[in-house]
Structures are given as structure tokens and as C-alpha cells.
There are 2 protein chains.
Amino acid sequence: MHDSPTAESRPSWRSTRQRNAVLRALGDRPDFTSARELHAALAAAGPTAGLTTVYRTLQTLEQRGFVDVVRDRSGERLYRLRPTDGHRHYLVCRQCGLSLPLESDAVERWTEAVAAATGFAELEHTVELTGLCEDCRSGTERPAPNR
Amino acid sequence: MHDSPTAESRPSWRSTRQRNAVLRALGDRPDFTSARELHAALAAAGPTAGLTTVYRTLQTLEQRGFVDVVRDRSGERLYRLRPTDGHRHYLVCRQCGLSLPLESDAVERWTEAVAAATGFAELEHTVELTGLCEDCRSGTERPAPNR
DNA sequence: TTCGTTGCAAAAGGTTTGCATACCA
DNA sequence: TGGTATGCAAACCTTTTGCAACGAA
């Protein structure tokens, strides 16, 4: 997860069929999704959008703070609509992709303490937690986009 | 930073001119370095090693737990020899690359608590802190590999 | 002699960019 | 109408892989 202190919002947002489709697709998925997966979902659902457009839309949404982004083990970027109350950290299941927003006050406090102790400023932090959820361990997996 | 519970060490390590050169180059650099930079450093220093070999050597070192790895903002992997006392987290300056090993007990405890609370197992965590060091802020920058 | 290692070239894979066209406001 | 947004193809970049030649043990 990546925290940027400022969430820009300069250029105006022009509403288009493609952008709306991307937003809808994002909303349909409770967990982190790759650009590729979103693109495929759109293609399946009817009104398509080019892969380039998906990338550009996600890029814009990221800049505006509307989506959270993580990287999976291969380095691929995964996106998820940010909950209305702003930024959070997540615990993601490596098997099925289930993602849980986390209380992360402890981490936030830690980074502040580190900043104070080291003299560094403008700290940004990336905190990603992955594991195996109970269902996956017990064999009771969900449909499993297994990543 | 990426924590893997087990640090493998199966196949034997055959000492070669190229591997030694990579290790020496890694040792020369106190901060995180990309495969590309290492390769360039080797080329400049005389006994070269192919870029492929650099990658494969780093891969092996990573598996054995001899190097720590972070990803920069572009997703590129950066390597650094691991201090003798095992794994740590780092605070890295976005401007000059200066990296400080951190006391991260607070984070380790937090991940344990999260595991206990959520029922997730085999937790792995990535924690990366970046910021601007004092020198860079004051304009007293070091030579600056500015990434 | 053996089998791990090297290195070149090519592949892979995700993400970005150039540019002409389409379209929202 | 003016300025964005779109989309295709191609470019980019880092990292990986195929494979024949090499070299440490």
C-alpha cells in the first residue's frame, strides 16, 4: 500500500462510457484486481474499453486517491476502490485474493516515531500483509481467482 | 522488504569470477542497488559479468537470504547485502538512496497480532519506508545516485 | 569428466507512448 | 468548436529463458 501525502485533483474528470465501465467493474470486485482482469471483465460484460484506457483510467483514479494499489509478488499492480473513509492497509490472501482492510494505527505511529528519530521528512510507507485465510487453509476455498 | 519464513540453501555454491565480482560490487555499495547498476559497475571495474549472470546471482543470493530486496516506485528491484544479524527493514531516502536499517519490533508485533485476530496463517509482510534525509532537505546532498 | 555456470539473443510480461480519430461539454 | 479521451500498434524496461559453450571441483 502506498501513502501519498497529497491527493491531487487538477484536471477535470470527463465522464465517458469507458470510464464508467471501469468504475463499475472496480465496484463489482471486493478485492484487488489487475488491469488485465478488469479489461477482461469489461470485454465479457458488453461495452468494452481498450486496455490502454483501463490503464489510463486507473492511473487517474490513483492520482485522485480513489483507488488503493498494491503489488503482487510478481510486481504486477492490483487495484481496489478505496473505502469512503480514506486510506487503509490490507491483509490479502495469497490463495484466493480475499482482502481485509486493517486497523493500522500502530504502523502509522511507528512511522511517525521513525521520522522523528531519523530526521527524515515527507515519509511515505508501503505496508503489505499477505497470508493464507482460514477458508483456504481448510480447503473450503471460495471460487478463487488464485493469484 | 519481503520476509520469507524459510531461507533455503539446497544446491551448492560454486565460486566463480563473475559471482565474486557481483559480491564485491554489492559490498562496495552501502545502499540499495539495481541489477543494471551493478552490471555497469562491473563493466567499469574490469572483470565483467553478463547481465543475465548478475540477475541469476542476485536471485540465488536472495533465496539464501544474503541480500535484502526492495522495489522502488517504478517497480524495479533494488538489492543490498544483508547485515550479518539477519533481516531488517530500511528507511530509504528517495533523493540520494541513503538507507538506514530500522528497529522494527513494533511492526513484527503488529503482524503477529493481526494474524491472531484474523485467522490468517503464513503471514508475510512488506514494509518499505521512504522519505527525504536531512542532508537532501538542507541542500547538502551527497554525490546522489538520485533515484 | 561432470554438472553447475555463463552469456548471447530472444521471449516474456506489464505498462506507457505516439498519433490519428472519436466524442464530451 | 475546442480540448479530452480513446484505441491501436509499437515502444519500453526489467526480468526470465533457451541453448550451446565453458569451467570449477
Side-chain angles (χ1 to χ4, degrees), chain A residues 2 8-26 32-43 45-64 66-80 97 145 147, chain B residues 2 8-26 32-43 45-64 66-80 97 145 147:
Chain A
H2 208 178
E8 329 279 281
S9 45
R10 265 67 58 74
S12 67
W13 174 273
R14 180 174 292 184
S15 173
T16 66
R17 176 179 59 71
Q18 292 90 332
R19 285 181 167 182
N20 294 335
V22 170
L23 276 171
R24 200 175 321 119
L26 269 175
F32 285 91
T33 311
S34 68
R36 213 172 9 97
E37 287 171 319
L38 284 173
H39 179 246
L42 293 184
T48 46
L51 182 54
T52 304
T53 298
V54 173
Y55 272 112
R56 283 197 278 232
T57 301
L58 290 172
Q59 209 168 255
T60 302
L61 290 173
E62 182 185 358
Q63 282 165 199
R64 306 193 166 206
F66 293 146
V67 295
D68 287 318
V69 188
V70 298
R71 278 183 191 280
D72 68 10
R73 295 221 255 205
S74 76
E76 189 176 11
R77 299 170 75 111
L78 306 178
Y79 304 82
R80 157 182 172 149
R147 225 143 11 215
Chain B
H2 208 180
E8 330 278 282
S9 45
R10 264 71 55 74
S12 68
W13 172 273
R14 182 173 293 185
S15 173
T16 66
R17 175 177 60 72
Q18 292 90 333
R19 286 181 166 180
N20 294 335
V22 170
L23 275 172
R24 200 175 321 120
L26 268 174
F32 285 91
T33 311
S34 69
R36 215 173 7 96
E37 288 171 318
L38 283 174
H39 179 245
L42 294 182
T48 46
L51 182 55
T52 304
T53 298
V54 173
Y55 272 110
R56 284 197 278 231
T57 301
L58 290 172
Q59 209 168 255
T60 303
L61 290 173
E62 182 185 359
Q63 282 163 202
R64 306 196 166 204
F66 293 147
V67 296
D68 286 318
V69 187
V70 299
R71 276 183 192 281
D72 68 10
R73 296 221 255 206
S74 76
E76 189 177 10
R77 298 170 74 109
L78 306 178
Y79 304 81
R80 158 183 170 148
R147 236 157 347 233

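Throughout, protein chains are lettered first and strands after them, A, B, ... in sequence-line order, and every chain is numbered starting at 1.
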> Just how far, in rounded Å, is P of C:dT5 from CG of B:Leu61?
Replying inline: 12 Å

> When only distance counts, do a donor and an acceptor, one from the side chain of B:Arg56 and one from the base of C:dG7, lie under 3.5 Å apart?
Replying inline: yes

>> Using a distance-only criterion (donor-acceptor N/O pair, under 3.5 Å, no hydrogens), is the base of C:dG4 paired with the side chain of B:Arg19?
In response: no

> Which nucleotide in the list D:dT16, D:dT6, C:dT6 gets nearest to the side chain of B:Thr53?
Replying inline: C:dT6

> To the nearest angstrom, how far is A:His39 atom NE2 from C:dG13 atom C1'?
Replying inline: 16 Å

> At under 4.0 Å between heavy atoms, what does B:Ser74 touch on the DNA or RNA strands: base, sugar-phosphate, or nothing?
Replying inline: nothing

> When you match B:Tyr55 and B:Arg17 each to their closest nucleotide on DNA chain D, which lands nearer the 5' end?
Replying inline: B:Tyr55

> Side-chain contact, heavy-atom cut-off 4.5 Å: B:Phe32 with B:Asp68?
Replying inline: yes

>> Can you measure B:Glu76 atom CD to D:dT16 atom P for me and round it to whole angstrom units?
In response: 12 Å

> Taking CZ from B:Arg73 and P from C:dT15, how many angstroms apart are they, rounded to a whole number?
Replying inline: 17 Å

> Which one, C:dG14, C:dG7, D:dT16, comes nearest to the side chain of A:Arg36?
Replying inline: C:dG14

>> Run the side chain to side chain contact (heavy atoms under 4.5 Å, CB included) test on A:Leu58 and A:Leu26 for me, step by step, so that the C-alpha distance in whole Å, both residues' side-chain angles and the decisive distance to 0.1 Å come before the verdict.
In response: CA-CA 10 Å; A:Leu58 290 172; A:Leu26 269 175; 4.0 Å; yes

>> Starting the side chain at C-beta, find the nucleotide from C:dC24, D:dA24, D:dG7 nearest to B:Thr16.
In response: D:dA24

> CG of A:Leu58 versus P of D:dA5: gap in Å, rounded?
Replying inline: 15 Å

>> Is the phosphate of C:dG7 approached by B:Thr52 (side-chain N or O, under 4.0 Å from OP1 or OP2)?
In response: no

> What are the two closest non-hydrogen atoms of A:Arg14 and A:Arg19, and how far apart are they?
Replying inline: O-NH1, 3.1 Å

>> Between P on C:dT6 and CG on B:Asn20, what's the gap in Å once rounded to a whole number?
In response: 10 Å

> Is there side-chain contact between B:Leu61 and B:Leu23, with heavy atoms separated by less than 4.5 Å?
Replying inline: yes

> Taking atom P of D:dC13 as reference, at what distance in whole Å does atom CG of B:Leu78 sit?
Replying inline: 17 Å

> Is there side-chain contact between A:Thr57 and A:Leu38, with heavy atoms separated by less than 4.5 Å?
Replying inline: no

>> Closest-nucleotide mapping onto DNA chain D: is B:Arg77 or B:Arg14 further toward the 5' terminus? I mean the 5' end.
In response: B:Arg77

> Please give, in whole Å, the distance from C:dT17 C1' to A:Leu51 CG?
Replying inline: 13 Å

> Hey, does the side chain of B:Gln18 come within less than 4.0 Å of C:dG7's phosphate (OP1/OP2), counting only N and O?
Replying inline: yes

>> Any side-chain N or O of B:Gln59 below 4.0 angstrom from OP1/OP2 of D:dT16?
In response: yes

